[in-house]
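Inspection log for the structure reproduced underneath, given as structure tokens.
Remember, it's a predicted structure, so these values are computed and weren't measured experimentally.
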Amino acid sequence: MFHLGLVPGRAWGALLCQLLRPPRTVCVRAVGCHGQVAEAVLTSQLKPHQEKPNFIIKVPKGTRDLSPQQMVVREKILDKIISCFKRHGAKGLDTPAFELKEMLTEKYEENLRLMYDLKDQGGELLSLRYDLTVPFARYLAMNKLKKMKRYQVGKVWRRESPTIAQGRYREFCQCDFDIAGQYDPMIPDAECLKIMCEILSGLQLGDFLIKVNDRRIVDGMYAVCGVPESKFRAICASMDKLDKMSWKDVRHEMVVKKGLAPEVADRIGDYVQCHGGISLVEQMFQDPRLSQSKLAVEGLADLKLLFEYLTLFGIAEKTSGEKVRTTETQVFVATAQKNFLQERLKLIAQLWDAGIKAEMLYKNNPKLLTQLHYCENMGIPLVIIIGEQEQNEGVIKLRSVASREEVTVKRENLITEIQKRLSES
Amino acid sequence: MADRAALEELVRLQGEHVRGLKQQKASADQIEEEVAKLLKLKAQLDPHESRQKFVLKTPKGTRDYSPRQMAVREKVFDVIIRCFKRHGAEVIDTPVFELKETLTGKYGEDSKLIYDLKDQGGELLSLRYDLTVPFARYLAMNKLSNIKRYHIAKVYRRDNPAMTRGRYREFYQCDFDIAGQFDPMIPDAECLKIMCEILSSLQIGDFLVKINDRRILDGMFAICGVPDSKFRTICSSVDKLDKVCWEEVKNEMVGDKGLAPEVADRIGDYVQQHGGVSLVEQLLQDPKLSQNKQALEGLGDLKLLFEYLTLFGIDDKISFDLSLARGLDYYTGVIYEAVLLQTPTQAGEEPLGVGSVAAGGRYDGLVGMFDPKGRKVPCVGLSIGVERIFSIVEQRLEALEEKVRTTETQVLVASAQKKLLEERLKLVSELWDAGIKAELLYKKNPKLLNQLHYCEEAGIPLVAIIGEQELKDGVIKLRSVTSREEVDVRREDLVEEIRRRTSEPLHIC
């Protein structure tokens, strides 16, 4: 049917732009029209020449028609997504566009005002479905199913303020995949992430990153930091804005607007600015404060297991935080031995004077492993390591953090070598 | 114990009371009150059940499509869409609701069947009733003068499902339309060709396409002496000829609708006729009918249509039937309806009855009504009654005892011994990355028998078994689930071997 090859960049952009084009409006006279299916006996009492007041022809606010060009793009995308779901053995499911109002309001107290209600026309009270998850839960309960791996692709409706420019509509398509059932831990969870990666890679939208966390770690973290349980939800809501706001602003909101104690906020700050791969999980296990929380330890254990499976699935690097660096440090100055603080200070000053972005740990005698972990977490590409032997020989070890390859460089050539490496990457 | 029995009795009585109220159509408030009492009683009986405060069901007249039904639906849509595309149609989509005023005044008496959305402070909206009005709106909004488009989507009607068995309030429509000014009858012929191609490909049995023309009917009624005011009502009587005999129809027209008996007889002479192009020729010679300009126009176009249908090789499926009169109001030219000649039934099964599985016609006046300059955009189209077809296909598959698979998984990655989860995860990931549809059980140490059983249940054809010895030897055991034949395949050849096996033509239903 379709050729699922590469769409040239510009063509892709043009096609995507069409998806965001606002609907045109035309002013016409409304007169009688007709329907065509044999079952519908359509009778109109209007004669063609009868005048009706003008009204604007348009689609409802927040919705749009999809032209043939837009449908081609949509079908290609949905085809790839559904193929992936099927490849993983999911069954298709479809549910009605509306549900009993009481079914939906039970689950979405906060979002009641965003739901489209149907008019009370003498029958059941109905609302348009808000997502595909509540219908799925209803389907499972109705059919008394304990296990199901299903996908559902369908439209949902929300009376949000549509910002068409940002692609936010009131009627939009959702593509859900869920695994329901009691299984051995983390295997289905790993498969969900694998599916996400397969789909995002397959759509060729560019590099992507999947952030992973665990509710228990979050709750445990808040608890050990001293967040009162009554403020959990409120703090969560603030913390969620970290992908859009800076830590400073989020902290301000929590302390000033939500009445969180500043030292508690600072403790949280220490944690939430960490991101990394499985090494971060290991690190958190060692954290003296966090390991006090039984809940957090549970979550960490499951994440550790998850990362093992993700590695077997070949996607562990897509779930680390390395692609998004928060600093631009190029070289880290490290040592394997004690009493080398002065040397590090001298060395780092030389790097700074040469305009190289460099860091070192504010510790007299840091462990090498800790320093290397730091580099990994922060995404620092190079580390120079000095020790007694190197000092006697007048050399420095220059190591690539990612590949772990090490070379020995003469002290006087160090800066040149670093600059060469940095310009190559 | 006695308490529980007494409670159960109370629950039973209250349940009956509620049912009685519902049957008597008591006030909603009263019913709600009694239901609440019932739920309270039930909660006492079983405290854990009380968490569920509402009835677990889909809204009246709607249903979920289970995986099995989805599989059937997908097959049917696949056939239909392939045909539309073969004929060069584009596809569009429109929102599920329209501005209320877009739909107002379009459906006459049936307007009361429209689902309105509650006034929540914004625009007044209604769920779409069909795909034709949205189509006309789309053409007008985009100032298009021609398009060949199909649209498959659900529409919503507050029908009373009790009255007509199998009628849903939410159901799929599958429309194809050609809009634009073209040389006569060629697009019309293509619509009929598409209808025949689809119904043949679906293999739901023999079918017949009845055709007629609005102008012929108009002309015929005119020369028979039907007063203009009775036109529509006489049409609906005549239309019943496919279900009841002429005598009954005549009685209804004369007795119930006040038509003069001799007029009825004259109508009878015509409407009981059906045939091929020879009937068209015959009517062209008819002394009375040939006096009527409209009828002549219609007959002329039908003659041309038959020529094209013969060239398309489908004239044997077409019957010119003068009793075809349904859905007549806005058709301006040819109209058609496809019926199945026999529906597959088994002992104990309810026959679906005679009903149309597709219908359509030409409607030239529609878009012109939306256009501010009254610019005409002639249209001809068809609609496939897919819901009926879903049931027929489902029944047919059941009759043939064919298993409908709900997944497309080709291989299950299994392990023969314990502690092989890692290997399974690695292997299944390789298969996914190679585009092969694969699964594994979410169990660290599943029993081989359970894994094989899972394959049989789900209809998975192959299982790739990892074993300790095989790992050392660098092979995987590839087993056919049906034949139980096993062969050792080198790890590096596995993907190719699976591809080869799954591309061989299998039994297609």
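The most heavy-atom pairs under 4.5 Å with chain A, out of B:Gln410, B:Gln69, B:Arg68, B:Lys426, come from B:Lys426. Your options are B:Asp116, B:Thr409, B:Thr62, and the one with the most heavy-atom pairs under 4.5 Å with chain A is B:Asp116.
Interface remark: A:Gln121 contributes backbone and side-chain atoms alike to the contact with chain B (heavy atom separation under 4.5 Å). Within the 4.5 angstrom heavy-atom criterion, only backbone atoms of B:Ile114 (N, CA, C, O) approach chain A. There is no contact between B:Glu430 and chain A, counting heavy-atom distances below 4.5 Å. Neither the backbone nor the side chain of A:Arg150 comes within contact range of chain B; no heavy atom of the residue lies under 4.5 Å from a heavy atom of that chain. The contact between B:Tyr150 and chain A is made entirely by side chain atoms (from C-beta outward), counting heavy-atom distances below 4.5 Å. Neither the backbone nor the side chain of A:Phe172 has a heavy atom closer than 4.5 Å to any heavy atom of chain B. The part of A:Met148 that comes within reach of chain B is its side chain, from C-beta onward, which places non-hydrogen atoms under 4.5 angstrom from that chain. Only the side chain of B:Leu421 comes within less than 4.5 Å of a heavy atom in chain A; its backbone stays farther off. For B:Phe135, no part lies under 4.5 angstrom from a heavy atom of chain A. If you measure heavy-atom distances from B:Arg405 to chain A, you find no contacts under 4.5 Å at all. Residue contact with chain B, scored on non-hydrogen atoms closer than 4.5 Å, involves the backbone of A:Ala90 exclusively. Neither the backbone nor the side chain of B:Arg149 comes within contact range of chain A, judged by heavy atoms closer than 4.5 Å. Using a 4.5 Å cut-off between heavy atoms, A:Leu126 touches chain B through its side chain atoms alone.
The closest side-chain heavy-atom distance from B:Leu56 to A:Met103 is below 4.5 Å. Put simply, the side chain of B:Ile92 reaches to within 4.5 Å of the side chain of A:Pro68, judged on heavy atoms. Residues A:Tyr139 and B:Ser66 are in side-chain contact: their nearest non-hydrogen atoms beyond the backbone lie under 4.5 Å apart. Side-chain contact between A:Glu75 and B:Val91 is present, with at least one heavy-atom pair separated by less than 4.5 Å. Residues B:Thr94 and A:Leu66 are not in side-chain contact: their nearest non-hydrogen atoms beyond the backbone lie 4.5 Å or more apart. Contact annotation: the side chain of B:Leu441 never approaches that of A:Ile187 to less than 4.5 Å [non-hydrogen atoms, C-beta and beyond]. Between B:Val96 and A:Glu171 the shortest side-chain heavy-atom distance falls below 4.5 Å. Counting heavy atoms from C-beta outward, B:Tyr65 and A:Thr95 have side chains that stay 4.5 Å or more apart.
In this structure, the separation between OG on A:Ser83 and CD on B:Glu408 is 8.0 Å, given to the nearest 0.5 Å. A distance of 6.0 Å separates CZ of A:Arg138 from OG1 of B:Thr58, quoted to the nearest 0.5 Å. For the atom pair B:Met70 CE and A:Leu93 CG, the distance stands at 7.0 Å (nearest 0.5 Å). To the nearest 0.5 angstrom, B:Asp64 atom CG is 5.5 Å from A:Met142 atom CE. Note that NE2 of A:His88 is 12.0 Å distant from NZ of B:Lys437, once rounded to the nearest 0.5 Å. Atoms OG1 and CZ, from B:Thr407 and A:Phe85 in turn, are 15.0 Å apart once rounded to the nearest 0.5 Å.
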*Do B:Glu74 and A:Lys86 pass the salt bridge (charged side-chain N to carboxylate O under 4.0 Å, His left out) test, and can you show the C-alpha distance, the side-chain angles, and the key distance before you say yes or no?*
CA-CA 13 Å; B:Glu74 208 175 303; A:Lys86 285 181 170 177; 2.5 Å; yes
*Does the side-chain contact (heavy atoms from CB on, under 4.5 Å) test come out yes or no for A:Glu191 and B:Trp432, once each step is laid out?*
CA-CA 11 Å; A:Glu191 185 168 19; B:Trp432 288 331; 3.0 Å; yes
*Decide yes or no on side-chain contact (heavy atoms from CB on, under 4.5 Å) for A:Phe98 and B:Leu127, but give the supporting numbers first.*
CA-CA 11 Å; A:Phe98 41 69; B:Leu127 296 182; 3.7 Å; yes
_Stepwise salt bridge (charged side-chain N to carboxylate O under 4.0 Å, His left out) check, A:Glu124 with B:Lys57_ = CA-CA 11 Å; A:Glu124 300 160 323; B:Lys57 67 189 217 40; 2.5 Å; yes
_What verdict does the salt bridge (charged side-chain N to carboxylate O under 4.0 Å, His left out) test give for A:Asp94 and B:Lys154, after you've listed the backbone C-alpha separation in whole Å, the side-chain angles of each residue and the deciding distance to 0.1 Å?_
CA-CA 12 Å; A:Asp94 193 14; B:Lys154 291 188 189 157; 2.8 Å; yes
*Show your reasoning for whether side-chain contact (heavy atoms from CB on, under 4.5 Å) applies to A:Ile57 and B:Leu99.*
CA-CA 9 Å; A:Ile57 271 199; B:Leu99 294 180; over 6 Å; no
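Applying side chain to side chain contact (heavy atoms under 4.5 Å, CB included) to B:Asp93 and the options A:Gln70, A:Lys155, A:Arg64 leaves one that passes, A:Lys155.
In this structure, the side chain of B:Glu422 does not engage the main chain of A:Leu312 through any donor-acceptor pair within 3.5 Å. A donor-acceptor distance shorter than 3.5 angstrom exists from the side chain of A:Asp184 to the backbone of B:Lys444, with no hydrogens or angles considered. A donor-acceptor pair under 3.5 Å links the side-chain atoms of B:Glu170 to the main chain of A:Ala97, judged by distance alone.
Residues A:Lys149 and B:Tyr442 have side chains that bring a donor and an acceptor to within less than 3.5 angstrom of each other. Between the side chains of B:Ser429 and A:Lys194, at least one donor-acceptor pair of N or O atoms lies under 3.5 Å.
Using a 30° and 60° split on the angle between ring planes, A:Tyr116 and B:Phe97 fall in the tilted class, from 30° to 60°.
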